[in-house]
Structure formats: structure tokens, C-alpha cells
Colleague: 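So that we are looking at the same thing, I have put the structure below in C-alpha cells.
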Amino acid sequence: GYYGDGLNAIIVFAACFLPDSSRTDYNYVMENLFLYVISTLELMVAEDYMIVYLNGATPRRRMPGLGWMKKCYQMIDRRLRKNLKSFIIVHPSWFIRTILAVTRPFISSKFSSKIQYVNTLAELREMIPMEYVHIPDSIVKYDEEKCIKRRMRTSCLSNDPEMTSVEQE
């Protein structure tokens with residue numbers, strides 16, 4: 001998709017489509033995937049851009065490892081790092097939040113300030129124009145299920161007499 005007057009690029013990256021780490025050629029596939037993504041970015045990005053990382057509906061065995069992420073960050077050209085305006089992580093897991101918290105001292109503060117966590121697709125819609133952004137069906141379904149669970153939890157808390165009395169105090 002695109003945003004802003006200059007039609008700046010929005011790159012959507014769905015982790016649920018990454019290869020399973022149990023593959024025998026996993027490192028080869030991930031390295032070539034990264035090179036493909038970088039070469040695509042080089043062609044697409046002339047101006048500012050943002051990356052939307054869709055983490056929901058991703059089993060742990062499909063999430064990229066810390067070493068791979070570090071290597072990717074180091075290999076990204078300075079121009080691409082500079083033109084990145086926002087790195088939005090949708091449905092961040094505890095694992096992703098922990099990795100980023102641990103690595104924060106080792107990455108630039110400018111890059112760290114570009115990272116934003118978004119818990120729902122509704123929150124994402126408030127941040128970026130979604131008409132040209134494709135969200136995979138598995139992510140939409142994950143978001144809907146997560147919202148239903150959140151509503152159920154909220155309604156259970158509001159119907160609990162003990163919680164109501166605590167709220168009134």
C-alpha cells in the first residue's frame with residue numbers, strides 16, 4: 001500500500017508465511033528470502049516508507065530467530081534504514097517484545113524509536129490508510145478471535161460482583 005501525498009510505500013510482511021524452522025534448508029531459504037526482500041525494497045523505496053510486520057497467527061517455529069534478525073538489520077543499507085519512518089508490529093507476542101527489549105541497547109536509538117506495537121487491526125486502521133494494504137485471511141481471523149476473547153474477558157470482569165465492588169471503591 002501507500003500513504004501520504006508522495007505515495008510513500010507501506011511494506012506488509014506476514015510472518016505466518018515464513019518457512020518452518022525444521023526445514024533442512026531453512027538457513028538457505030531465509031537468507032535468500034532476506035536478499036529478495038532487500039532487493040525489492042531497493043526498487044520500491046525512493047522516499048520514506050514504513051514496514052507493517054504481521055505477527056499474529058504465527059507459530060513459534062515460523063518466527064525468525066534473533067541471529068537472523070540481527071544479520072538483516074546489519075545488512076540493510078543506510079539509505080533504507082534512514083528512510084524507514086515506522087516499523088509497526090501488529091499482534092506482538094511476548095517473544096517479540098522480549099527480543100526487542102533485550103536487543104534495544106545494541107541497535108540505534110533512532111531505529112528503536114521507529115518501532116510501534118499495535119494490538120489489533122482496528123488500531124492499525126487508525127494509523128495508516130488500509131484501502132491498498134492486503135491483510136491475509138489468517139491474520140484477519142486471528143484478530144477477530146483475539147477481539148472476541150478480549151470482549152468476553154471484559155464482559156466477565158464487569159459481571160463479576162467482586163470486580164464491580166473493587167471498581168466502585
Side-chain angles (χ1 to χ4, degrees), residues 1-3 7-121 123-124 127-128 130 132-147 149:
Y2 296 94
Y3 72 100
L7 292 179
N8 299 313
I10 299 173
I11 313 306
V12 179
F13 189 83
C16 60
F17 295 124
L18 289 174
D20 194 303
S21 60
S22 65
R23 288 180 60 130
T24 56
D25 60 349
Y26 178 77
N27 290 331
Y28 173 81
V29 170
M30 290 298 284
E31 189 167 316
N32 283 296
L33 174 64
F34 173 72
L35 294 173
Y36 170 76
V37 169
I38 291 300
S39 63
T40 302
L41 282 175
E42 292 281 350
L43 294 173
M44 288 181 66
V45 174
E47 308 259 335
D48 296 343
Y49 70 104
M50 67 175 57
I51 295 177
V52 176
Y53 177 81
L54 302 172
N55 188 62
T58 305
R60 174 71 185 101
R61 66 184 188 280
R62 290 190 186 270
M63 286 188 193
L66 180 59
W68 185 80
M69 288 191 277
K70 180 183 175 191
K71 183 179 175 184
C72 291
Y73 177 75
Q74 291 171 339
M75 289 178 65
I76 293 175
D77 180 71
R78 182 183 178 283
R79 179 184 67 85
L80 287 175
R81 281 195 301 241
K82 184 179 162 211
N83 288 357
L84 177 66
K85 292 303 162 202
S86 186
F87 185 80
I88 302 170
I89 301 172
V90 182
H91 304 124
S93 65
W94 173 87
F95 175 74
I96 292 286
R97 287 180 187 264
T98 303
I99 293 252
L100 289 172
V102 168
T103 59
R104 193 162 292 235
F106 307 106
I107 57 178
S108 81
S109 59
K110 284 184 181 179
F111 181 76
S112 292
S113 69
K114 296 175 184 183
I115 298 172
Q116 297 177 284
Y117 297 114
V118 174
N119 293 312
T120 66
L121 293 176
E123 286 179 47
L124 183 63
M127 296 173 70
I128 64 171
M130 297 289 288
Y132 301 111
V133 175
H134 173 72
I135 305 294
D137 292 338
S138 59
I139 302 295
V140 172
K141 183 178 177 190
Y142 175 86
D143 188 73
E144 289 169 353
E145 290 170 359
K146 190 174 176 185
C147 288
K149 287 179 185 174

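Everything numeric in this text was worked out from a predicted model, so none of it was measured.
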Colleague: Do Ile96 and Ile89 have side chains that get closer than 4.5 Å, going by heavy atoms?
Modeller: yes

Colleague: Please examine the side chains of Ser22 and Arg61, heavy atoms only from C-beta on, and report whether any two atoms are closer than 4.5 Å.
Modeller: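 Sidechains of Ser22 and Arg61: no contact.
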
Colleague: Hey, what do you get for CG (Leu84) to CZ (Arg79), rounding to the nearest 0.5 Å?
Modeller: 12.0 Å

Colleague: For the residue pair Lys114 and Met50, establish whether any side-chain heavy-atom pair is separated by less than 4.5 Å.
Modeller: no

Colleague: Taking all atoms of both residues into account, what is the closest heavy-atom pair of Ser138 and Ala57, and its distance?
Modeller: O-CB, 3.8 Å

Colleague: Is any side-chain heavy atom of Asn119 closer than 4.5 Å to a side-chain heavy atom of Pro92?
Modeller: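 Asn119 reaches Pro92 side chain to side chain.
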
Colleague: What is the minimum heavy-atom distance between His134 and Val12, and which atoms define it?
Modeller: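 Smallest heavy-atom distance, with atoms named: O-CG1, 3.9 Å.
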
Colleague: Using every non-hydrogen atom in the two residues, find where Pro64 and Met30 come nearest and quote the distance to one decimal.
Modeller: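 Closest heavy-atom pair between Pro64 and Met30: CB-CE, 4.0 Å.
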
Colleague: Does a side-chain heavy-atom distance below 4.5 Å link Glu31 with Asn27?
Modeller: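 The answer is no, as the side chains (C-beta and beyond) never meet within the 4.5 Å cut-off.
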
Colleague: Taking the inter-plane angle between the rings of Phe87 and Tyr53 on a 0 to 90° scale, is it parallel (under 30°), tilted (30 to 60°) or perpendicular (over 60°)?
Modeller: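 Parallel: the ring planes of Phe87 and Tyr53 meet at under 30°.
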
Colleague: Specify the closest pair of heavy atoms between Thr120 and Asp143, including all atoms of both residues, with the distance to one decimal.
Modeller: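 Thr120 and Asp143 have their closest heavy atoms at CA-OD1, 3.3 Å.
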
Colleague: Would you indicate whether the side-chain heavy atoms of Thr58 and His91 approach each other to under 4.5 Å?
Modeller: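 Counting from C-beta outward, His91 and Thr58 never come under 4.5 Å.
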
Colleague: Does atom CZ of Phe13 have more than 12 heavy-atom neighbours from other groups under 6.0 Å away?
Modeller: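 It does: Phe13 CZ has more than 12 such atoms within range.
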
Colleague: Is a side-chain N or O of Arg62 found less than 3.5 angstrom from the main chain of Leu18, in a donor-acceptor match?
Modeller: yes

Colleague: Verify side-chain contact (heavy atoms from CB on, under 4.5 Å) between Lys82 and Lys110, making sure each step is shown before the conclusion.
Modeller: CA-CA 9 Å; Lys82 184 179 162 211; Lys110 284 184 181 179; over 6 Å; no

Colleague: I want to check something: taking the side chain as every heavy atom from C-beta on, are Leu124 and Val133 in contact at a cut-off of under 4.5 Å?
Modeller: no

Colleague: Calculate, to the nearest 0.5 Å, the distance between atoms CG and OH belonging to Leu33 and Tyr28 respectively.
Modeller: 12.0 Å

Colleague: Within this structure, what is the CD1-OG1 distance for the pair Ile11 and Thr40, rounded to the nearest 0.5 Å?
Modeller: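 Rounded to the nearest 0.5 Å, the CD1-OG1 separation comes to 8.5 Å.
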
Colleague: To check you understand the geometry: which heavy-atom pair defines the closest contact between Arg97 and Tyr117, and what is its length?
Modeller: NH1-CD1, 3.6 Å

Colleague: If you look at every heavy atom in Arg81 and Ile76, which pair is closest and at what distance?
Modeller: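 Looks like NH1-O, 3.2 Å.
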
Colleague: Please determine whether the number of non-hydrogen atoms from other residues, nucleotides or ligands lying under 6.0 Å from atom CG of Asp137 exceeds 12.
Modeller: no

Colleague: Measuring from Ile38:CD1 to Leu80:CG, what's the distance to the nearest 0.5 Å?
Modeller: 6.0 Å

Colleague: Take a 6.0 Å sphere around NZ of Lys85 and say whether it holds more than 12 heavy atoms from other residues, nucleotides or ligands.
Modeller: yes

Colleague: Determine, step by step, whether Cys16 and Ile139 satisfy the side-chain contact (heavy atoms from CB on, under 4.5 Å) criterion, reporting the C-alpha distance in whole Å, the side-chain angles of both residues, the deciding distance to 0.1 Å, and the verdict.
Modeller: CA-CA 8 Å; Cys16 60; Ile139 302 295; 4.0 Å; yes

Colleague: Rounded to the nearest 0.5 Å, how far does CG of Asp48 lie from OG of Ser86?
Modeller: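 With rounding to 0.5 Å, OG (Ser86) is 11.0 Å from CG (Asp48).
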
Colleague: Give the intermediate values and the outcome of side-chain contact (heavy atoms from CB on, under 4.5 Å) for residues Asn55 and Met63.
Modeller: CA-CA 8 Å; Asn55 188 62; Met63 286 188 193; 3.6 Å; yes

Colleague: Could you check whether any side-chain heavy atom of Tyr132 comes within less than 4.5 Å of a side-chain heavy atom of Ile10, counting everything from C-beta outward?
Modeller: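 No, too far: nothing below the 4.5 Å cut-off.
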
